[in-house]
Colleague: 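Following this message is one structure expressed as structure tokens.
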Protein chains: 2
Amino acid sequence: MNDKRHIPLDGEKAAPLSEGERPTLKTIAFMAGLGVTTVSRALKDAPEIGQATKNRVQLIARQIGYRPNRAGVRLRTGKTNVISLVLNSQSEIMGLTSNLVYGISEILAETPYHLIVTPYSPENDPMQPIRYIFETGSADGIIMSQTEPSDPRVRYLTDHNFPFATHGRTRMGIEHPFHDFDNEAYAYAAVKSLAERGRRRIAMVAGPSPAHTYYWHLDDGFRRGLQESGAAAVPLDHWNGTLSLTDVRNLTEIFMREPNPPDGIICCTGGLAVAVVAGIEATGLKLGRDVDLVSKQTTNFLQWFRPEVIVYNEDIRHAGRELARAVLRRIEGVDPTQLQSLSYPEADQGERIGISSR
Amino acid sequence: MNDKRHIPLDGEKAAPLSEGERPTLKTIAFMAGLGVTTVSRALKDAPEIGQATKNRVQLIARQIGYRPNRAGVRLRTGKTNVISLVLNSQSEIMGLTSNLVYGISEILAETPYHLIVTPYSPENDPMQPIRYIFETGSADGIIMSQTEPSDPRVRYLTDHNFPFATHGRTRMGIEHPFHDFDNEAYAYAAVKSLAERGRRRIAMVAGPSPAHTYYWHLDDGFRRGLQESGAAAVPLDHWNGTLSLTDVRNLTEIFMREPNPPDGIICCTGGLAVAVVAGIEATGLKLGRDVDLVSKQTTNFLQWFRPEVIVYNEDIRHAGRELARAVLRRIEGVDPTQLQSLSYPEADQGERIGISSR
DNA sequence: ATAATTTTCTGTAACGTTTCAGATTATATC
DNA sequence: GATATAATCTGAAACGTTACAGAAAATTAT
């Protein structure tokens, strides 16, 4: 079979005398005595290239450490091999950004994709980075967080058929890839664990964001839990959307001094829990005795802070992995309904590891 | 002057009938009745283009929302307009990654640069991502952390004259751009504040990384502080390099139970402080009474944890900004010695804001 | 008015890749 | 042995940009 090599005559093709230069298809073509087209196809295992040739070309490519020029591919095909992570640079739940980044990177590391991080400050329009990426075609897919029940970004990208995945769900009748923590299940479990401890008057500090979808899931789970356990909800009025932790602490203090304070509180982030604990303790009440606190955390630290806090963990790194897988598969054309996943609250085992000290 | 427009004849040039397509130089050239070369130059204010033409071209470009195609520029010029942030995905000091990213992004937002994040897992060779970026030319500059006193990455990039900036200094006789927190000043200030409170036997938990440069700076400041204040160092033997926080807690407990325990401890990260406090309290000793603790933190949370801890802040977002500015200027050819900066410990004001609750 | 000079503009080529439409060679068919 | 068919391979063109060398027009000098 095709054993005769095509020996190139001297000067038949411009010899790429590239010493130290990065090898290109031309380099390989020259070395193999083939055309660049053939090489290009051989490297991607095209069926119209002979097996022997493919092996030969691939061997050469491997030997000289050929790596396709991203700009060349991108210019010709429009494929960027980039995933863009778009997030709000303000609202940092402890370790959220880093773990998302690391989780996504774990998946992308085995692909040709690079990860571009595109933060936007809260005073800017959240649509702006989205439009930019779409209009300039600077990524093949987008991962975004801070999802809202009716999210214009989701509408825009869906309308334009641009691959994306959201951290969090929407409620707008559009099927799209997402990964979400099951906050309904969390709030439900939280109520149950309080009820188990005999707590009957329960309040939930759901974070200052009824704008975000998770608020409603929490609320659903909260209600379901109350219903089943027969405990009463203690409403937190006037806790508007833009509270600092200090505000939360002070409000908690006022709140706990009112007649009939709650004996169980549910927090949706570790940050809130810290502030709420400070407020509780300012009134002289004692955690675990007078009042129990359940909190979700994304980084193992509440146990160090107050071991009495009942903790559920949300694994953000896992979310990052799921989101990365989802966009990649969406880019491949997989149906959005196949790319929706939830993760569930993990009751903390009380292990005191996790905040890396390095 | 030059008022006569060059009116293109019908069909003189291939009319780019691009409806909905992204505008390119060709589009503008067609609209302006000019050559693409002229347009290209007009957009970058080249001196050989008439002022009137420049204005006209720039107006058109603005109107139709022209944005240069990154792949085109990159292929032609080799300029990627990308900065790569290379970091260890394991060693996460609270909020370090996110704040670095946000700080860098703040600066890059006003430039054409994008930020690619390239984490590497600790089991991989730290040189690998560096080589990849250099060999594939996938960025114009690198920002990296986890700097070591004799850092092979610094040597490699310097040898290859590739722009970079490090978070942390080296001690290898190479002048390179860096930004660093003045750990010497911090350790010194920490000793002084302990001495002020009458503490005489001081130990330092400098983190498990004598491999990293900052360890030595801490040590320098520690010694200087002791010398000036006449306090004694309590050595921490057998605290080897890979301790979990639980290990730290347990070691602290053992340590504090030995005869003549320290009455002042200095921690170099908030994570360590948490574990050390837990160890101290396990022995029944009381913070602020029996022993004082000074810690550095990169996120406001120690005050919430134990208000007794004496806190100094390290502003990582600021570090990100400085590092971004440094690489950018290095890319422009500015001398490395001009691109070295330090930031100084800020004694905490005790404000209880900073952990965003959103 | 003509030549010399400056100013302003232009087409071509190249960066590295893939797609298209063929071209060449080998193999099978009659 | 000629022809059809399949299997391999190929050059040219294009993606959008910039560098180069040069052309055309306007201005100045003679």
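Throughout, a chain's letter reflects where its sequence line sits, starting with A, and its residues are numbered from 1.
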Colleague: Going by distance alone, is a donor N or O of one side chain under 3.5 Å from an acceptor N or O of the other, for A:His176 and A:Thr170?
Modeller: yes

Colleague: Atom CG of A:Asn81 to atom P of C:dT17: distance rounded to whole Å?
Modeller: 13 Å

Colleague: Does A:Glu135 pair with B:Arg67 as a salt bridge, N-O distance under 4.0 Å?
Modeller: no

Colleague: Within this structure, what is the CD-OG1 distance for the pair A:Glu175 and A:Thr158, rounded to the nearest 0.5 Å?
Modeller: 10.5 Å

Colleague: Considering only nitrogen or oxygen atoms on both sides, find all protein atoms under 3.5 Å from nucleotides 16-19 of chain D and state each distance.
Modeller:
unit_1	atom_1	unit_2	atom_2	d
D:dG16	N2	B:Gly72	O	3.3
D:dT17	OP1	B:Tyr66	OH	2.4
D:dT17	OP1	B:Asn69	N	3.0
D:dT17	OP2	B:Leu25	N	2.7
D:dT18	OP1	B:Lys44	NZ	2.8
D:dT18	OP2	B:Ser40	OG	2.7
D:dT18	OP2	B:Lys44	NZ	3.4
D:dT18	O2	B:Arg76	NH1	2.3
D:dA19	O4'	B:Arg76	NH2	3.2
D:dA19	N6	B:Thr37	OG1	3.2

Colleague: How close do B:Ala324 and B:Ile107 get, counting heavy atoms only, and between which atoms?
Modeller: CB-CB, 3.7 Å

Colleague: Tell me the interatomic distance from A:Ile49, atom CD1, to C:dA23, atom C1', rounded to whole angstroms.
Modeller: 14 Å

Colleague: May I have the distance from B:Glu48 (atom CD) to C:dT7 (atom C1'), rounded to whole angstrom?
Modeller: 10 Å

Colleague: Taking atom P of C:dC9 as reference, at what distance in whole Å does atom CD of B:Gln51 sit?
Modeller: 11 Å

Colleague: Could you state the CD1-P distance from A:Ile28 to C:dG16, rounded to the nearest angstrom?
Modeller: 12 Å

Colleague: My understanding is that only residues two or more places apart in sequence, or in another chain, count here; which of them pass side chain to side chain contact (heavy atoms under 4.5 Å, CB included) with A:Arg76?
Modeller: none

Colleague: Check the side chains of A:Thr118 and A:Tyr132 for a donor-acceptor pair under 3.5 angstrom, ignoring hydrogens and angles.
Modeller: no

